[in-house]
Amino acid sequence: MFKIFEQSDYWFLKSFKIEGNQLTIDIAEGIISANTKDVRIDNDFEIKDCAPIEVNEKSRTISVIFHKVLAHQLTDESYSAPEGGETEGNVLCLHKESSYLKYVKDNSLVSQLIDEPVFHYSISLADDIIDIITTEKPELRQ
């Protein structure tokens, strides 16, 4: 869908701003550090030579802007259940027939008041999952 997301596996939320029906999400690329360190899980278990993923001066940043947002949710990645169904994209995803889109349509007036197609996008970040219901394709700014 957007080539930049194929170039990195790690993105982190920098800011999340809502103005009217516009949602602006700023994200930063996570870079695998060249410096490794040992990580102790408890007294009996240690993982050697771990390379942390960090946002630094080499990280690219992107603003993902959604216009005409009808609903959204931000979920800590640890608590997010995988969305079933067909998706397009790997970080910025377009969902087909998702359970979240069905939930919004079933529990709001979206189906009665919106005459244009309604889409479910999500942004899968290292620590957060953001779901957006909108009538327009997102805009990306680097």
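Since we're looking at a predicted model, the values are computed, not measured.
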Asks: Donor-acceptor pair, E29 side chain versus R60 backbone, under 3.5 Å?
Replies: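 Yes; judged by distance alone, with no hydrogens or angles, the pair exists.
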Asks: With a 4.5 Å cut-off on side-chain heavy-atom distances among I, L, V, M, F, W and Y, is there a chain of contacts connecting I31 to I27?
Replies: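 No: no chain of side-chain contacts under 4.5 Å links I31 to I27.
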Asks: Is it the case that more than 12 heavy atoms not belonging to Q112 sit under 6.0 Å from its CD atom?
Replies: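 Counting other residues, nucleotides and ligands, CD of Q112 exceeds 12 neighbours.
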Asks: Could you check if a side-chain atom of H120 sits within less than 4.5 angstrom of a side-chain atom of D131, using non-hydrogen atoms only?
Replies: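 They are in side-chain contact.
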Asks: Treating T36 as the side-chain partner and D49 as the backbone partner, does any N or O pair qualify as donor plus acceptor under 3.5 Å?
Replies: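 Not a single qualifying donor-acceptor pair exists.
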Asks: Would you compute the distance between atom CG of D128 and atom CZ of F12 and round it to the nearest 0.5 angstrom?
Replies: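 That separation rounds to 10.0 Å.
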Asks: Which pair of heavy atoms, one from Q142 and one from I4, lies closest together, and at what distance?
Replies: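 Reported closest heavy-atom pair: NE2-CD1, 2.8 Å.
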Asks: Are Y100 and L23 linked, directly or through other ILVMFWY residues, by side chains that come within less than 4.5 angstrom of each other?
Replies: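 They do not share one cluster, since no chain of ILVMFWY contacts under 4.5 Å joins Y100 to L23.
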Asks: Do D26 and I62 have side-chain heavy atoms sitting under 4.5 Å apart?
Replies: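 Of all side-chain heavy-atom pairs linking I62 with D26, none is under 4.5 Å.
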Asks: Give a yes or no on whether the backbone of K68 and the side-chain of T134 come within a donor-acceptor separation of less than 3.5 Å.
Replies: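 Yes, T134 side chain to K68 backbone: donor-acceptor pair under 3.5 Å.
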Asks: Measuring only between side-chain heavy atoms, which start at C-beta, is T135 closer than 4.5 Å to I114?
Replies: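 A side-chain contact exists here, since the closest heavy-atom pair is under 4.5 Å.
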Asks: Nearest 0.5 Å, please: how far is CG in D76 from CG in L125?
Replies: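 Reported value, rounded in 0.5 Å steps: 11.5 Å.
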Asks: Evaluate the side-chain contact (heavy atoms from CB on, under 4.5 Å) criterion for residues K96 and T87: first the C-alpha distance (whole Å), next the side-chain angles of each, then the deciding distance (0.1 Å), finally the verdict.
Replies: CA-CA 6 Å; K96 315 280 186 184; T87 60; over 6 Å; no
Asks: If every non-hydrogen atom of P52 is compared with every non-hydrogen atom of C50, which pair is closest and at what distance?
Replies: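 Heavy-atom minimum between the residues: CD-O, 3.5 Å.
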Asks: As a quick check of understanding, evaluate side-chain contact (heavy atoms from CB on, under 4.5 Å) for F66 and I123, giving each step before the final call.
Replies: CA-CA 12 Å; F66 292 91; I123 302 176; 3.9 Å; yes
Asks: Going hydrophobic residue to hydrophobic residue with side-chain gaps under 4.5 angstrom, can you get from L101 over to V69?
Replies: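 No, separate clusters.
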Asks: Search all heavy atoms of G30 against all heavy atoms of S8 and return the closest pair with its distance.
Replies: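 The pair with the smallest heavy-atom distance is O-OG, 3.9 Å.
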Asks: Donor-acceptor check, side chain of S98 to backbone of H95, threshold 3.5 angstrom: yes or no?
Replies: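 No, because the side chain of S98 does not come within donor-acceptor range (under 3.5 Å) of the backbone of H95.
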Asks: Testing K137, E139, E136 for side-chain hydrogen bond (donor to acceptor under 3.5 Å, both in side chains) with H67, which one passes?
Replies: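 Exactly one candidate clears the test, E139.
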Asks: Would you say that more than 12 heavy atoms from the other residues, nucleotides or ligands in this model lie under 6.0 Å from the CD of E97, or not?
Replies: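 Check fails, neighbour count at 12 or below.
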Asks: Begin with the C-alpha distance, continue with both residues' side-chain angles, and end with the deciding distance and a verdict on side-chain contact (heavy atoms from CB on, under 4.5 Å) for V39 and E46.
Replies: CA-CA 6 Å; V39 176; E46 182 177 61; over 6 Å; no
Asks: Any idea which heavy atoms bring N90 and E6 closest together, and the distance?
Replies: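 Heavy atoms of N90 and E6 come nearest at ND2-CA, 4.2 Å.
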Asks: To the nearest 0.5 Å, how far apart are CG in L70 and CG in L113?
Replies: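 With rounding to 0.5 Å, CG (L70) is 10.0 Å from CG (L113).
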Asks: Dump the intermediate steps for side-chain contact (heavy atoms from CB on, under 4.5 Å) on L13 and D127, then the final yes or no.
Replies: CA-CA 8 Å; L13 181 63; D127 296 327; over 6 Å; no
Asks: Are Y103 and Y121 linked, directly or through other ILVMFWY residues, by side chains that come within less than 4.5 angstrom of each other?
Replies: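 No, no single cluster joins them.
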Asks: Would you say CG of D38 has more than 12 non-hydrogen atoms from neighbouring residues, nucleotides or ligands within 6.0 angstrom?
Replies: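 Enclosed.
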Asks: So, taking the atom named CH2 in W11 and the one named CD1 in I25, what distance separates them when rounded to the nearest 0.5 Å?
Replies: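 With rounding to 0.5 Å, CH2 (W11) is 13.5 Å from CD1 (I25).
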Asks: Between F16 and H72, how do the two ring planes meet: parallel, tilted or perpendicular, split at 30° and 60°?
Replies: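 Tilted, since the angle between the ring planes falls between 30° and 60°.
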Asks: Say you draw a straight line from NZ of K37 to CD1 of I47; how long is it, rounded to the nearest 0.5 Å?
Replies: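 Reported to 0.5 Å precision, the distance equals 12.5 Å.
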Asks: Looking only at non-hydrogen atoms, find the nearest pair between S33 and A51 and report the distance.
Replies: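 Shortest heavy-atom contact: O-CB, 3.5 Å.
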Asks: Between the main-chain N or O of S124 and the side-chain N or O of S122, is there a donor-acceptor pair closer than 3.5 Å?
Replies: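 Absent.
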Asks: Using the rule that two of Ile, Leu, Val, Met, Phe, Trp, Tyr join whenever any of their side-chain heavy atoms come within less than 4.5 Å, decide whether I130 and I133 are in one cluster.
Replies: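 No; I133 is not reachable from I130 via cluster members.
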Asks: Can you measure from CZ (F5) to CG (L92) and round to the nearest 0.5 angstrom?
Replies: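 Going from the CZ atom of F5 to the CG atom of L92 covers 5.5 Å.
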Asks: Heavy atoms only: give me the nearest N43-R40 pair and the separation to one decimal.
Replies: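 The pair with the smallest heavy-atom distance is O-NH1, 3.2 Å.
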